[in-house]
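What follows is one structure encoded as structure tokens, with my remarks underneath.
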Amino acid sequence: MKCKYCGREMIKTKTPFKRPVKGEMLVVPDVEVYSCPGCGAVYFPEETIRMQAEKLAKNSFR
Ligand SMILES: [Zn+2]
């Protein structure tokens, strides 16, 4: 995958991801993202986020 800003090849890495869901901060500790070594842009694949978030939501359901 190439960076849409500077055109360099992005590298796959892992990062924590936070998103507010229904007034609570949902934290996914290890999300696979693409990071650009050139300009530092980070691309979060939407599908990955959704899958991780759903898995996490089920695990923390009380
Ligand atoms: Zn870039």
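Keep in mind that what you see is a predicted model, and the values were worked out from it rather than measured. When a ligand or atom number is given, it counts from 1 through the structure's own listing order.
A chain of hydrophobic side-chain contacts below 4.5 Å, direct or via other Ile, Leu, Val, Met, Phe, Trp or Tyr residues, connects Phe17 to Val42.
Counting only distances under 2.8 Å, and ignoring water, the protein N, O or S atoms around the Zn ion (ligand 1) are Cys3 SG, Cys6 SG, Cys36 SG, Cys39 SG.
In this structure, Lys18 does not pair ionically with Glu24, as no charged nitrogen and carboxylate oxygen lie closer than 4.0 Å.
Taking 4.5 Å as the limit, every side-chain heavy atom of Pro16 sits out of range of all side-chain heavy atoms of Pro29.
The hydrophobic cluster containing Met1 also includes Met10, Tyr34, Tyr43, under a criterion of side-chain heavy atoms closer than 4.5 Å among ILVMFWY residues, counted directly or through chains of members.
The salt bridge (charged side-chain N to carboxylate O under 4.0 Å, His left out) check on Glu54 picks up nothing, with sequence neighbours excluded. In terms of the salt bridge (charged side-chain N to carboxylate O under 4.0 Å, His left out) criterion, Lys4 has no residue partners (sequence neighbours excluded).
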